[in-house]
J.: 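The following block contains the structure, expressed as structure tokens.
Proteins come first, then strands; the chains are lettered A, B, ... in the order of their sequence lines, and each starts at number 1. Atoms considered below: every heavy atom in the structure, side chains included; atoms not considered: hydrogens, waters and symmetry mates.
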2 protein chains.
Amino acid sequence: MPEQPAGSRPTLEAVAARAGVSRATASRVVNGGAGVRRPLADKVREAVEELGYVPNHAARSLVTRQSGAVAVIIAEPEFRIFSDPFFEQQVRGISRELTAHDSQLVLLWVEGPGDYDRIARYLGGGHVDGALAFSLHDDDGLPALVHRSKVPTVYGGRPGAGAAAVPYVDCDNRGGARTAVRHLVGLGRERVAHIAGPADQTSAIDRADGYHDVLFDADPALTARGDFTVDSGARAMAELLARAPDLDAVFAANDLMAAGALRVLRERGRRVPEDVAVVGFDDMVTVAEAADPPLTTVRQDIEGMGRLMVRLLMRVLNHGGDRGPGAPASVIMPTELVRRASA
Amino acid sequence: MPEQPAGSRPTLEAVAARAGVSRATASRVVNGGAGVRRPLADKVREAVEELGYVPNHAARSLVTRQSGAVAVIIAEPEFRIFSDPFFEQQVRGISRELTAHDSQLVLLWVEGPGDYDRIARYLGGGHVDGALAFSLHDDDGLPALVHRSKVPTVYGGRPGAGAAAVPYVDCDNRGGARTAVRHLVGLGRERVAHIAGPADQTSAIDRADGYHDVLFDADPALTARGDFTVDSGARAMAELLARAPDLDAVFAANDLMAAGALRVLRERGRRVPEDVAVVGFDDMVTVAEAADPPLTTVRQDIEGMGRLMVRLLMRVLNHGGDRGPGAPASVIMPTELVRRASA
DNA sequence: GGAGTGGGTGGAAGCGCTCTCACGGCGTAC
DNA sequence: GTACGCCGTGAGAGCGCTTCCACCCACTCC
């Protein structure tokens, strides 16, 4: 005989009644069972099973003052979001790790500065315990906004100079770039060019810095700037070829631009890697492996970065959000050179 | 003087006190203000403003038994979310419309059949008021699972035959395909080939049906099958060329495959559109416009479909989820032929 | 053997909100 | 002038849960 009317879900009360214990004890068991003697705990678990009890999240939330949800804030300055495999992998990592922590992923899609109000209200409303955001452009007002809302936040990618000191997860852009350039130099290349990314994105800046770490006296004519798209890479390559026809290697700040460079190189009759060696960054598999020739590039563990963002956030959350001993140090993940045919 | 200790957020109680009304009246105002006289309502609104009051979602949820959240279920049978701009646009539409309805978007990333249990538990747990899912393969077990959980759900794309009758939003795949093929025929083409998509996806089936609607006695040799990827399109094109060297037009079931076809045609020295006219489907801007020559294709309002999914869901939700007079009829959105250079 | 100790258990308060219901005041009708 | 009805408002219950606190009992120690 069911102890509940068919329509509504069983409550903790029902579980307690069925197990012959108080609601308090039932609650203790449901939440891990610490401090409840074995036979009783088993009885409760049995009742939970039989009744198909699932805790009411709202009720729990109300008293614990924790929502069990984390916001993933997606700003959309351009349109490079979900279609960006990079981003997708990161979200997947986040999703997986959040699931492991029994937390929900609430997607907050920011429609532009006009939308900041809504976001602020939402974050300030205590709907989520924490937030995950991505650093995009230097002049983005979002980080400041998020910071003001006091919701513990972890960033993906090193925030620009303007932002307050916040915990973030990034890959070793600078070190990876150094490895790439050193590889090119090790191949005996003497005129190594660089196709840089946008000047207002830290990842691009760091990669350019890595290039200059190795080639500290590099010819300025050997650097051109793109915006991380295939076309911009092609344009930058054409520009470089015009300015420095004698170049014998290119380090592009990402795979997409490297693909664009490859196209131009092919069109101009330069053989890769014989005449010009090319190295990319990111190891976007669909791009790097499909390229002709397959792209030597710097791999980063994108999904791992997503997971790490969550772990970092959880640490902040568990430490009350202040700078305690377990305070949120940022994490830089190592990169790895993947050798294929292009260099 | 603040009526609340600095640490915690103001409650409705505080608002009521400040406005000099009862909690009940304050609540009425916060929820629209129906049945409250003007001066009082204004006083309450003022208090809300001054205190920066934001309703506690958990408390509200507890009594209304509504979560104010909608799950977006993303299954990942293969990796087709990967860089699928289609998907991104749909989610954007969903996000926007959900925001307009003051609902949250909870992302449920399904890791495969092994993950179904977790999803079922989550959906059954009353954490969300409804769900949005996407029909992928015919043999996907997810729809059945979702259906069993009793959570009102709207699908993106017509579910396969196996699924129960559920409300869905789709574009007019069949009609769009007819338009595309008619266009080709109108151009005077007499050997119109079709590169079909996966046989277990309704969108591919419907598009193939549209092709046959116009060319009901089409030569079977003029159809080859791909899997919606660029490479598969190229392979299918090569196959078609081998089987029917005299073909003078191709209708590909999506833009990606059309792009692959374009590549092969170019390699084989066939001029597009002079020798072979090509039409795609989807109007993925980045693909269709960047193609060489730019692709004539069938456009669908993807973001609009996302928005519509939400509206449909809201309708179901407001009607108690049963088949009432306002019951969930599915919606088929019109398509439109976009003429570019390839046909 | 009695008092002290401590862990296990239950009672009950209360999280912040919505909503039913009772009440009071005003307008209308006779 | 009195009776009736209706609209606006407030009191209060209760949503399902966690957790503080008091209580009880078994066990140990003097």
J.: Would you kindly give the CD-to-P distance between B:E13 and D:dG12, to the nearest whole Å?
T.: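 So the two atoms are 12 Å apart, to the nearest Å.
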
J.: Rounded to the Å, how far apart are A:L40 CG and C:dT9 P?
T.: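 Distance check: A:L40 CG to C:dT9 P gives 5 Å.
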
J.: What is the separation between atom CG on B:N56 and atom P on D:dG16, rounded to the nearest whole Å?
T.: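 These atoms are roughly 17 Å apart.
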
J.: Look at the side-chain N and O atoms of A:T11 and state whether any lies under 4.0 Å from the OP1 or OP2 oxygen of D:dG16.
T.: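 Looking at the OP1 and OP2 atoms of D:dG16, neither is under 4.0 Å from any side-chain N or O of A:T11.
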
J.: Looking across every strand, which nucleic acid part, if any, lies under 4.0 Å from A:V36 by heavy atom: base, sugar-phosphate, or nothing?
T.: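 The residue A:V36 makes sugar-phosphate contact but no base contact.
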
J.: Of A:V21 and B:H57, whose closest DNA chain C nucleotide lies nearer the 5' terminus?
T.: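 On the 5' side of the pair lies A:V21.
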
J.: Ion pair present between A:R307 and A:E303, side-chain N to carboxylate O less than 4.0 angstrom?
T.: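 Yes.
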
J.: If each of B:A26 and A:A26 is mapped to the nucleotide of DNA chain D with the nearest heavy atom, which maps nearer the 5' terminus, i.e. the 5' end?
T.: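 The residue closer to the strand's 5' end, by nearest nucleotide, is B:A26.
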
J.: Give the nucleotide from the list D:dC17, C:dG16, C:dG10 with an atom nearest to the side chain of A:P55.
T.: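 Closest nucleotide to the A:P55 side chain: D:dC17.
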
J.: Could you state the atom-to-atom distance from CZ of A:R38 to P of C:dG8 in whole Å?
T.: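 Roughly 14 Å, once rounded to whole Å.
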
J.: Without decimals, in angstroms, what is the distance between A:K43 NZ and C:dG8 P?
T.: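 From A:K43 NZ to C:dG8 P: 19 Å.
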
J.: Are any side-chain N or O atoms of A:R9 and backbone N or O atoms of A:V54, one a donor and one an acceptor, separated by less than 3.5 Å?
T.: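 Between the backbone of A:V54 and the side chain of A:R9 there is a qualifying donor-acceptor contact (under 3.5 Å).
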
J.: If a protein heavy atom is under 4.0 Å from the base, mark B; if only from the sugar-phosphate, S; if neither, -; do that for nucleotides 19-28 of chain D going 5' to 3'.
T.: BB--------

J.: Return a table of donor-acceptor pairs under 3.5 angstrom between the side chains of residues 62-71 of chain A and protein atoms on other chains or two or more places apart.
T.:
{"from": "A:T64", "atom 1": "OG1", "to": "A:R60", "atom 2": "O", "distance (Å)": "2.9"}
{"from": "A:T64", "atom 1": "OG1", "to": "A:Q66", "atom 2": "N", "distance (Å)": "3.3"}
{"from": "A:S67", "atom 1": "OG", "to": "A:A69", "atom 2": "N", "distance (Å)": "3.1"}
{"from": "A:S67", "atom 1": "OG", "to": "A:H127", "atom 2": "O", "distance (Å)": "3.0"}
{"from": "A:S67", "atom 1": "OG", "to": "A:D129", "atom 2": "N", "distance (Å)": "3.2"}
{"from": "A:S67", "atom 1": "OG", "to": "A:D129", "atom 2": "OD1", "distance (Å)": "3.1"}

J.: Measure CZ/A:R9 against C1'/D:dG16 and give the value in whole Å, please.
T.: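 For the pair A:R9 CZ and D:dG16 C1', the rounded distance is 10 Å.
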
J.: Quick one: are B:L313 and B:L317 in side-chain contact, heavy atoms under 4.5 Å?
T.: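 Side chain of B:L313 against side chain of B:L317, heavy atoms only: contact under 4.5 Å found.
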
J.: For A:R60 and D:dT18, is the shortest distance between a side-chain N/O and OP1 or OP2 below 4.0 Å?
T.: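 It does, given that an N or O in the side chain of A:R60 lies less than 4.0 Å from OP1 or OP2 of D:dT18.
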
J.: Just so I know, are the side chains of B:V146 and B:L123 near enough to count as touching, which here means a heavy-atom distance under 4.5 Å?
T.: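 Yes, side chains in contact.
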
J.: Could you check how far CG of B:L62 sits from C1' of C:dC15, rounded to whole Å?
T.: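 Going from B:L62 (CG) to C:dC15 (C1'), I get 9 Å.
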
J.: Return the minimal non-hydrogen interatomic distance between B:D170 and B:R158, and the atom names on each side.
T.: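 For B:D170 versus B:R158, the nearest heavy atoms are OD2-N, 2.9 Å.
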
J.: Roughly how many Å is it from CG in B:L12 to P in D:dG12, rounded to a whole number?
T.: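 So the two atoms are 17 Å apart, to the nearest Å.
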
J.: A:V21 versus A:V44: any side-chain heavy-atom pair under 4.5 Å?
T.: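 Side-chain contact under 4.5 Å: yes.
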
